[in-house]
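Please read the structure below before turning to the comments.
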Amino acid sequence: MQFTVTDVPERERFEARDETGALAGIVTYQLTGAIIAYTHTEVDPAFEGKGVGSTLARAVMDDARAKGRTVVPICPFLAGWLEKHPGYEDIVVRTTRRMK
């Protein structure tokens, strides 16, 4: 199954849709200048286990890198995904305190 990820700035979120256009998942964000905070990831239960979360995570991180943004990963899902994908470490703000 293929998913297309699109930035929807008027809703401050990225959306993942399947081939039929059905909304499969979202990542919400807050943008301040060159800093983007990813606040929440949500996958529709009908699409769980199909790679939507990982597709969204990679797409939002690639978008941030392409636009020269610094990422603040508030969302626990994205923070966990980033621990497994250290290739984005150069654009991620880290803190000594874990968000829950």
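Quick note: numbers below take in every heavy atom, side chains included, and nothing from hydrogens, waters or symmetry partners. Quick note: residue numbers are just sequence positions, from 1.
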Problem set entry | side-chain contact (heavy atoms from CB on, under 4.5 Å) evaluation trace for Arg69 with Leu31 | CA-CA 9 Å; Arg69 293 181 174 154; Leu31 180 62; 3.4 Å; yes

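- Distance check: Asp7 CG to Ile36 CD1 gives 7.0 Å after rounding to the nearest 0.5 Å.
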Problem set entry | Audit row: Val5, Thr55, side-chain contact (heavy atoms from CB on, under 4.5 Å) steps and yes/no | CA-CA 8 Å; Val5 177; Thr55 299; 3.9 Å; yes

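- In this structure, Leu56 CG and Arg13 CZ are separated by 10.5 Å, a value rounded to the nearest 0.5 Å.
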Problem set entry | Residue pair Ile26, Thr41: steps toward the side-chain contact (heavy atoms from CB on, under 4.5 Å) verdict | CA-CA 6 Å; Ile26 62 167; Thr41 302; over 6 Å; no

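- Counted within 6.0 Å of CD on Gln2, heavy atoms from surrounding residues, nucleotides or ligands total 12 or fewer; the atom is thus considered open.
- Pairing each heavy atom of Gly87 with each of Arg65, the nearest pair is O-NH2, 3.0 Å.
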For this session: Please step through side-chain contact (heavy atoms from CB on, under 4.5 Å) for the pair Met61 and His85, ending with a clear verdict.
Result: CA-CA 10 Å; Met61 293 304 296; His85 298 85; over 6 Å; no

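- Taking CG from Asp18 and NZ from Lys50, the interatomic distance works out to 9.0 Å, rounded to the nearest 0.5 Å.
- Looking at every heavy atom in both residues, Phe77 comes nearest to Ala57 through CE2-CB, 4.3 Å.
- Gln30 has its side chain within reach of Thr39: a pair of non-hydrogen atoms, C-beta onward, lies under 4.5 Å apart.
- Counting heavy atoms from C-beta on, the side chains of Pro73 and Val92 come closer than 4.5 Å.
- There is no path of hydrophobic side-chain contacts, each under 4.5 Å, that joins Leu23 to Val27.
- The cluster map of Ile, Leu, Val, Met, Phe, Trp and Tyr, joined by side-chain heavy atoms under 4.5 Å apart, puts Ile74 and Val93 in the same cluster.
- For Glu48, the CD atom sits in a packed shell: over 12 heavy atoms of surrounding residues, nucleotides or ligands are nearer than 6.0 Å.
- Salt bridge status for Asp63 with Lys67: present, with a side-chain N to carboxylate O gap under 4.0 Å.
- Ring geometry for Phe47 against Phe3 counts as perpendicular: the plane angle is over 60°, on a 0 to 90° scale with 30° as the lower cut.
- Between Arg17 and Glu15 there is a salt bridge, with a side-chain nitrogen of the basic residue lying less than 4.0 Å from a carboxylate oxygen of the acidic one.
- Residues Ala16 and Val52 share a closest heavy-atom pair of CB-CG1, 4.0 Å.
- Minimum heavy-atom separation, Ala34 to Gly68: CB-O, 4.3 Å.
- No side-chain heavy atom of Val72 sits less than 4.5 Å from a side-chain heavy atom of Tyr38.
- Between Tyr88 and Trp81, the gap from one ring centroid to the other is short of 6.0 Å.
- Between Phe14 and Tyr29, the ring-plane angle classifies as tilted under the 30° and 60° cut-offs.
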